[in-house]
Every structure is written in C-alpha cells, then in structure tokens.
Number of protein chains: 2
Amino acid sequence: MEITRKAPIGRPRGFDADEALERAMMVFWEQGYEGASLTDLTRAMGITRKSMYAAFGNKEELFRKALERYTEGPAAYAARALEKPSAREVATAFLAGSVSTTTRPGCPAGCLGVQGSLAAGDSGRAAQDALIAWRDDGRARLRHRFQQAVDEGDLPPGADPELLARYVMTVANGIAVQAVGGATHSELQQVADAALRNWPPV
Amino acid sequence: MEITRKAPIGRPRGFDADEALERAMMVFWEQGYEGASLTDLTRAMGITRKSMYAAFGNKEELFRKALERYTEGPAAYAARALEKPSAREVATAFLAGSVSTTTRPGCPAGCLGVQGSLAAGDSGRAAQDALIAWRDDGRARLRHRFQQAVDEGDLPPGADPELLARYVMTVANGIAVQAVGGATHSELQQVADAALRNWPPV
DNA sequence: AAACTTAGATACCGATCGGTGCAGAATGAA
DNA sequence: TTCATTCTGCACCGATCGGTATCTAAGTTT
C-alpha cells in the first residue's frame with residue numbers, strides 16, 4: 001500500500017494551474033462573474049478552453065476556486081485581523097486591510113467579494129449567491145470575535161456583537177464601492193479612521 | 001407662428017411612456033444594466049422591442065432615463081436631505097433615506113446607483129461610468145452642503161467637508177451592499193445610527 | 001514500444017445578446 | 001378620403017455566450 005501517486009500517467013499538465021488560477025482571479029475581480037467571458041479568462045490564463053475545462057471543470061467552478069484563492073490571498077487581511085488581541089484592533093485592522101486591498105496598485109479596484117454580487121442576470125445568480133454567502137461568513141466571523149471580546153470584558157457588556165460586525169462590514173463594503181469609483185488609498189483610510197473614531201459606537 | 005404641436009400626426013402612442021419607464025427602472029434596479037436583457041425589459045414594460053426603440057432610443061438611453069427617474073423618485077431622499085437645516089440632520093436624513101430605499105418592500109433590494117456599477121463587461125462600461133458619475137455628483141452635493149455648514153458655523157472650522165461627504169457616501173454605499181445581502185430595515189438603521197453616533201467624526 | 005493523457009488549434013453547437021426589417025392594422029390630421 | 005405615423009407581432013441579422021468535438025502533436029507512464 002505505497003502511496004506512489006506522484007505522476008498520474010500521461011502527458012503532464014503544461015501550465016502552472018496556480019498561476020492560471022491567479023490570472024483568472026484577477027479577471028473576475030475586475031469584471032465580475034458575468035462580465036468575464038471565457039475568451040477573456042482563457043486569454044489571461046494563457047491556455048485554451050479545453051485545458052481550462054479539463055483543469056477546473058467549468059466557469060462556475062473556476063469562479064469558486066478563484067474566490068477561494070482570493071480569500072487566502074488578497075483577502076487574507078480578514079483572517080489576520082480576527083487574530084488581533086482586542087476588538088478595537090480587530091476592527092481597525094479589518095478596515096485598514098480592506099482599504100489596502102481595494103486600492104492596491106496593480107490589482108483591480110474594489111473587492112472581488114462585492115463585484116458582480118449586486119446585479120445579476122439569470123446566469124449569474126449562483127455566483128451572486130456564493131458571494132453573498134462569502135460576505136455573510138465574514139460577518140459571522142467578526143460577530144463571533146466581538147462576542148468573544150464581550151465575554152472577555154474587552155468590550156462593555158452592553159455592546160452588541162451583531163451590530164458591531166454589521167457596522168464594520170458595512171463600512172468595508174462601502175469602501176469597496178468607493179474604490180471602484182476611483183477613491184484613493186489615503187482618502188479611504190481617512191474614512192476608515194472616521195468610522196472608528198469612537199469605538200465601540202454605543 | 002403658432003405653437004400647435006399638440007398631437008404630432010399619426011397613430012398616437014398606445015402605452016404610457018412614464019409607466020413603461022418605471023417598469024424598466026425596476027428591472028435595471030434589480031438586475032443591473034448588463035443583467036437586464038431587452039427581453040426582460042420589454043416584457044416588464046408590456047411593449048415590443050420596436051416600440052421601446054421608437055420611444056427611448058436604445059438600451060443605453062433607456063437606462064439613462066431610468067436612472068433619471070430613479071433620482072427623482074426612489075432616490076429623491078438625497079435631495080430632500082440636503083435641504084435639512086443642519087449638517088447633522090443632513091447626514092441623518094441621507095442615511096435614513098438610503099436605508100429605507102434599499103430595503104423598501106415591493107422594490108428591489110439595494111440601490112440602482114450601485115447595482116451593476118462595480119463589475120462590467122465591455123458592453124456595460126458606459127453604464128458603469130454613468131453610475132460612477134452619478135455617485136460622484138451626489139458626493140459633491142454633500143460636500144458643498146457641508147462646506148456651507150462650515151461657513152455658517154454649523155460645523156466646527158476644523159471639519160473637512162470632503163471627508164464628511166465621503167464618509168456619509170461610503171456608509172450609504174455599504175448599506176446598499178448589505179441590503180442586497182438580505183439585511184433588514186431595522187438592522188441597517190441601527191448601522192446608520194452607529195455611524196452617526198459621534199458627529200462630526202473629528 | 002504500447003498505453004495513456006494532455007496541449008494546442010480550430011471549428012462547431014444551440015442559445016441568447018442588442019438591434020432591425022417587414023407586414024398589416026390602427027389612428028388622427030390634413 | 002388620403003396621408004402620415006405608430007402600433008403589434010414575428011422573423012431575422014451578425015455577434016457573442018458557455019461549452020464541446022475533433023484533429024495532431026507531445027510527453028510520461030507501464
């Protein structure tokens with residue numbers, strides 16, 4: 001029972017799947033799910049349609065994998081923020097990360113988790129639902145973290161973790177919208193600072 | 001030189017153009033520019049493609065007219081908010097209006113001015129630009145109003161109208177995103193309250 | 001070498017996209 | 001009535017959509 005599944009017989013893949021997924025993520029980030037055509041995607045990935053289907057399944061699965069990659073890459077600031085020692089630092093790091101990620105040079109403006117999740121035709125409904133679930137998940141993690149802060153006495157007993165999580169997420173979503181409209185890093189960081197000037201907002 | 005252009009000869013229009021535009025606005029509101037197909041639009045408007053083209057030009061012009069109608073209808077809260085006597089009331093009314101409009105029963109969730117303006121394929125770029133300009137215009141009006149408040153002594157001399165306008169707009173944009181994700185009126189009103197708990201956020 | 005799998009290129013599928021052309025009926029002004 | 005215009009309805013345009021088929025070439029296993 002040796003585990004010798006090193007190479008699965010046949011000609012090996014001639015492209016770097018991670019690299020290709022990264023490129024696809026950027027296209028989805030900029031154009032959204034419906035706005036990104038297979039022609040756009042495969043051209044950016046440097047592979048043919050057939051190779052894409054063989055490697056990733058179909059457009060929807062490619063999008064889901066791109067979203068995962070986005071979560072672990074550009075959006076990793078969220079997970080890092082949750083590990084900060086105080087609720088104030090969590091909120092501060094979360095918004096600062098959202099500002100940086102939505103205005104990073106060389107990357108599309110805005111947030112992949114927000115792009116294309118607002119309006120959708122029939123073909124984009126599944127992707128839209130996936131993104132709403134993605135944001136809900138992020139909000140739930142913030143809520144749990146703030147609940148923990150209340151339990152630890154870091155936040156006052158009257159603080160409402162649900163409200164605080166929604167508040168932080170709302171500001172972050174607004175920042176993503178502003179970024180697409182051309183707002184700069186420093187402009188949005190000022191907004192983030194203003195949003196947290198009295199924390200918690202009770 | 002009499003102005004007798006009452007009826008322009010020929011068979012008169014057999015449908016109410018305002019009513020049709022209202023229906024089109026709702027479709028764009030829900031599905032965005034690219035997500036709304038001509039089939040969706042004309043079915044909702046109750047007219048044929050030909051009639052739509054004769055009355056409104058093309059899809060893009062229809063969208064622009066729908067956006068105007070949105071501004072004067074569901075989004076009229078913005079203009080009303082600007083007339084409030086103090087900056088605090090302006091901000092409060094603006095956010096309350098955005099909460100109500102993005103969660104109004106019988107209307108699509110979210111804001112037409114934000115839907116479909118984040119991600120776009122090639123065919124939606126013009127509409128995307130129009131929406132970004134629309135939001136910029138709203139932000140400029142807020143900025144002027146807050147500048148006036150500073151001039152009048154309603155806001156402290158150190159207050160930054162630019163920042164305040166962007167802050168309010170950012171929260172409103174975030175509220176629109178949250179509404180599409182299913183947030184309720186009361187949840188979002190709590191967020192709006194939290195955002196304005198210390199005003200101005202200096 | 002045989003078996004197997006993938007790559008690249010190209011053409012194609014049915015469906016839908018935004019937008020038109022056409023036919024025939026309807027309506028009002030001249 | 002005559003003429004002009006718009007109505008409805010339907011078929012149609014070229015282009016693009018997501019996805020597939022088919023070919024040959026290439027590389028890695030057994």
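So you know, we letter chains A, B, ... as the sequences are listed, proteins then strands, and number each from 1. What's counted below: heavy atoms across the whole structure, side chains too, no hydrogens, waters or symmetry copies.
Taking atom CE of B:M52 as the reference point, atom C1' of D:dT8 lies 15 Å away to the nearest angstrom. Put simply, CD on B:E61 is 13 Å from C1' on C:dG19, counting in whole angstrom units. Atom CZ in B:F15 sits roughly 7 Å away from atom P in D:dT8 (whole-Å rounding). When the C1' atom of C:dG8 is taken as reference, atom CZ of A:R13 falls 15 Å away, rounded to whole Å. Residue B:Q31 contributes atom CD, which lies 11 Å from atom P of C:dG18 at whole-angstrom precision. Rounded to whole angstrom, the span from the CZ atom of A:R43 across to the P atom of C:dG8 amounts to 16 Å. Atom CZ of A:F56 is separated from atom C1' of C:dT6 by 14 Å (rounded to the nearest Å). Between B:F63 atom CZ and C:dG18 atom P the separation is 13 Å, expressed in whole Å.
By the neighbour-count criterion of 12 heavy atoms within 6.0 Å, atom CZ of A:R43 is sparsely surrounded, having that number or fewer from other residues, nucleotides or ligands.
Salt-bridge annotation for A:E83 and A:R145: absent, with no side-chain N of the basic residue lying under 4.0 Å from a carboxylate O of the acidic one. A salt bridge is absent between A:R125 and A:D129; no separation between the charged side-chain nitrogens and carboxylate oxygens falls under 4.0 Å. A:E60 has a carboxylate O that lies under 4.0 Å from a charged side-chain N of A:R64, or vice versa, which qualifies the two as a salt bridge.
Here A:F146 and A:W199 bring their ring centres to under 6.0 angstrom of each other.
In this structure, A:S51 reaches the C:dG8 phosphate: one of its side-chain N or O atoms is under 4.0 Å from OP1 or OP2.
A:N173 pairs in a side chain to side chain contact (heavy atoms under 4.5 Å, CB included) with only one of the listed residues (B:V177, B:N173, B:V180), which is B:V177.
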Per-nucleotide protein contact string for nucleotides 9-18 of chain D (B base, S sugar-phosphate only, - none; heavy atom under 4.0 Å): B-------SB
